[in-house]
Amino acid sequence: MDPFPYTYRPGQRELIEFIDRTVRDRRCAVIEAGTGTGKTITSLCGVLGFTMDRGMKVLYLTRTKSQQKQVIRESAALKADVLCVGIQGRSASTCPMMRDDPDLASGTSEEISKLCSEYKRRDGDSGCHCKFYERIESADIDQWVDLIRTRHPEPEEFARMCEDAGLCPYELLKYAMPKADIIAVPYPFVFMPQVLDRFIQWIGVPLSKTVMIIDEAHNLPDYLREVQTFEYSARAMELTEKEATDNGNPMVHEGLTVIDIASVLREILDGAVKEYLIDEDGMLPPYFLEEELMDRLGVTSVTIGRILKAMEEIGDGIAERKKQRRKLPRTYIGSMSRFLQYWINGDEEMYVRLVLGGDNPKFQSYCMDPQGASDPLNGCFSSIHMSGTLEPLDSYISEIGLDRVNTMNLGCVFPEENLLTLYTDTVSMKYEERSVKENYDRLFDLVVSTVNSVRVNTAVFFPSYQFMDRMVDDGLVSALGRDVYYEERGMGQSDLMDVFENFRSSEGSVLFCVTGGRISEGLDFPDRALELAILIGIPYPKPTAKLRALKRYYDIRFGDGMRYTTTIPTVRKMRQAIGRLIRSETDRGVAVIMDRRVAGLKDLPAILSRDVPGAVSLFLESSDHRLR
């Protein structure tokens, strides 16, 4: 029976068949599928025909909780008897034993996991310290599996149900996963090796018997770089010194204590900031940190290794004692040791060593090659990579290092005439020109006249929060005379969703956000929730030391570092923002890019307009769009 639960839209049946063939051939699929394709439901239908008959697992990899909920909802809609389980990373807020302890709120997944093992430990006949875990042994697992299969609870709902029954939701999911057909799982479960090993044990099949689906795959290269990047800050050094003081300042080598090591490291950081920092970062010479440590401490590289091993052991002891007292098993001494070992032992070709500025300066070893973390994608049976902004597909395949690949560009299934993309050549957001008064005044006036040319919900995408603040300070909000909602720097998820929902349900309001920010990716504005998008400038990345190093690295690997590090990411960000406009076959919208440099972006087709407000008004009014 065909499990697809909806009326087929153009291209959906073709996409499902393509994915099915790819999986059966044990290949990878890299797909650009535009808005309206129904990427979640089509990818699930494409793989399940093969996996369900063979005892295999579908791993749907997600970055956000909202994506995970979408997978569970679409699994529930399938015309097939499937069990979909959604698992989230450990945190104190999701554990009924730890939630009310404010000292545990900042715990990482690894720290919470270690602390959890202490709670689960049994003391003779007295049982373990976690009543929620202890009751798992007497739970009717099959009954809970049936409940998940029939009610399809989202993770938060499932957690509440388990707590009401006095059971640990995390441990109960471990029992359900071997029976699941689909597992919605965060990226770290797959791309962090120490987590993947445990996860594979939980699901009950080897990696080679899994099919992975990666939605919003355009984010994957950056994520894989980030997961391999490590850093250490001035604040962490201060905390290391305090931890050393609290623990008697242990000796790590003849005549050297932990505080000596931390103090020297801080001196090296201060010197690096003064000598190498330019703007927000600076590139350090090869072996800079190692040579500085040896010189200032008067020891050899072999001794440095012994010192770090001693610090690691001291840190492990501190963490273990904290865990036994049911405190967060965090150790700053151990973290400093691990950071320095990673730094010294890291691949010099894959990493660039940086010093970062700001209120809390830090050392950073930035990984330039995503392939270092992409092995699971070639170790699984098949992987499906989908996004509405994945082109150029060959670049994505090369960056990730995928083998045996089928590609498909389905494009947008909605009529092309529903979207009008304009640009103006009267203003420039080039760094040297954006603050020139004449140019800035023209831009300001053009934003105001374009927004006020129609009474529709409008999003203004700024190149940065700083530039947004400048225009707000210069009176942009009062000049618009509308209700204005803001995506703010560092905004929490619940606050962001409140802003999003309030704007989406409004009429004729304006949303201020940032190109490449959370509003510009993954949020749906159906119908008249958004009809006009203004992109101020082209979001080229800053020419930092990190970007220059990454460009050189890609020059060597692929011969065109500018394309990989600047052009492709920039166009993808802009296409993501523009993509918020058209979410169904009846949506119509206008995107206006305010920067003359758009003419040089061949992968972003836009029409030059000499009268942007007039063109916007004409397009939106001509299709039964009335001014409101």
Engineer: Out of the candidates T51, L48, V58, only one should pair with V82 under the side-chain contact (heavy atoms from CB on, under 4.5 Å) rule; please name it.
Structural biologist: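 In the set T51, L48, V58, the residue that makes a side-chain contact (heavy atoms from CB on, under 4.5 Å) with V82 is L48.
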Engineer: Looking at S75 and I182, what are the two nearest heavy atoms and their distance?
Structural biologist: OG-CD1, 3.5 Å
Engineer: How about D2 and Y8: does a side-chain donor come under 3.5 Å of a side-chain acceptor?
Structural biologist: yes
Engineer: With a 4.0 Å cut-off, would you call E157 and R151 a salt bridge?
Structural biologist: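 Yes.
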Engineer: By ring-ring contact (aromatic ring centres under 6.0 Å, His included), which residues pair with Y187, not counting sequence neighbours?
Structural biologist: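 ring-ring contact (aromatic ring centres under 6.0 Å, His included) check on Y187 returns F191, Y223.
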Engineer: Go through the steps for F500 and Y485 under the test ring pair (Phe, Tyr, Trp, His ring centres under 6.0 Å), then give the verdict.
Structural biologist: CA-CA 8 Å; F500 168 64; Y485 298 88; over 10 Å; no
Engineer: What pair of heavy atoms forms the shortest contact from I568 to P392, and how long is it?
Structural biologist: CD1-CG, 3.5 Å
Engineer: I'd like to know if the side chain of R63 reaches the main chain of E216, judged simply by a donor and an acceptor atom lying under 3.5 Å from each other, with no hydrogens or angles considered.
Structural biologist: no
Engineer: Got a salt bridge between R73 and E154, using NZ or NE/NH1/NH2 to carboxylate O under 4.0 Å?
Structural biologist: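 Looking at R73 and E154, the cut-off is met.
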Engineer: Going by the rule ring-ring contact (aromatic ring centres under 6.0 Å, His included), which residues pair with F199 if we only count those two or more places apart in sequence or in a different chain?
Structural biologist: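 F199 satisfies ring-ring contact (aromatic ring centres under 6.0 Å, His included) with F189 once adjacent residues are dropped.
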Engineer: Donor-acceptor check, side chain of R27 to backbone of V23, threshold 3.5 angstrom: yes or no?
Structural biologist: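 No: the side chain of R27 does not pair with the backbone of V23.
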Engineer: Please list, chain by chain and in numerical order, all residues satisfying side chain to side chain donor-acceptor pair (under 3.5 Å) with S395, sequence neighbours excluded.
Structural biologist: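 S395 satisfies side chain to side chain donor-acceptor pair (under 3.5 Å) with R563 once adjacent residues are dropped.
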Engineer: Quick one: which residue pairs count as a ring pair (Phe, Tyr, Trp, His ring centres under 6.0 Å) with a foot in residues 555-602, not counting sequence neighbours?
Structural biologist: Y554-F558, Y554-Y564, F558-Y564
Engineer: I'd like to know if the side chain of R504 and the backbone of F525 have a donor-acceptor N/O pair within less than 3.5 Å.
Structural biologist: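 No, the answer is negative, given that no donor and acceptor are paired below the 3.5 Å cut-off.
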Engineer: Go through D81 and R149 one step at a time and tell me if the side-chain contact (heavy atoms from CB on, under 4.5 Å) criterion holds.
Structural biologist: CA-CA 8 Å; D81 183 20; R149 188 186 301 275; 3.1 Å; yes
Engineer: Indicate every side-chain donor-acceptor pair of residues 10-18 with a distance under 3.5 Å to a residue at least two apart or in another chain.
Structural biologist:
from: Q12; atom 1: OE1; to: R9; atom 2: N; distance (Å): 2.8
from: Q12; atom 1: NE2; to: T37; atom 2: O; distance (Å): 2.7

Engineer: With a 4.0 Å cut-off, would you call E399 and R225 a salt bridge?
Structural biologist: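 A salt bridge is present here (some side-chain N lies under 4.0 Å from a carboxylate O).
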Engineer: Mind listing the side-chain donor-acceptor pairs of residues 418-425 below 3.5 Å, one per line with the distance, residues two or more places apart or on another chain?
Structural biologist:
from: N418; atom 1: ND2; to: E585; atom 2: O; distance (Å): 3.1
from: N418; atom 1: ND2; to: D587; atom 2: O; distance (Å): 3.1
from: T424; atom 1: OG1; to: T426; atom 2: N; distance (Å): 3.2
from: T424; atom 1: OG1; to: T426; atom 2: OG1; distance (Å): 2.8
from: D425; atom 1: OD1; to: R610; atom 2: NH1; distance (Å): 2.9
from: D425; atom 1: OD2; to: R610; atom 2: NH1; distance (Å): 2.8

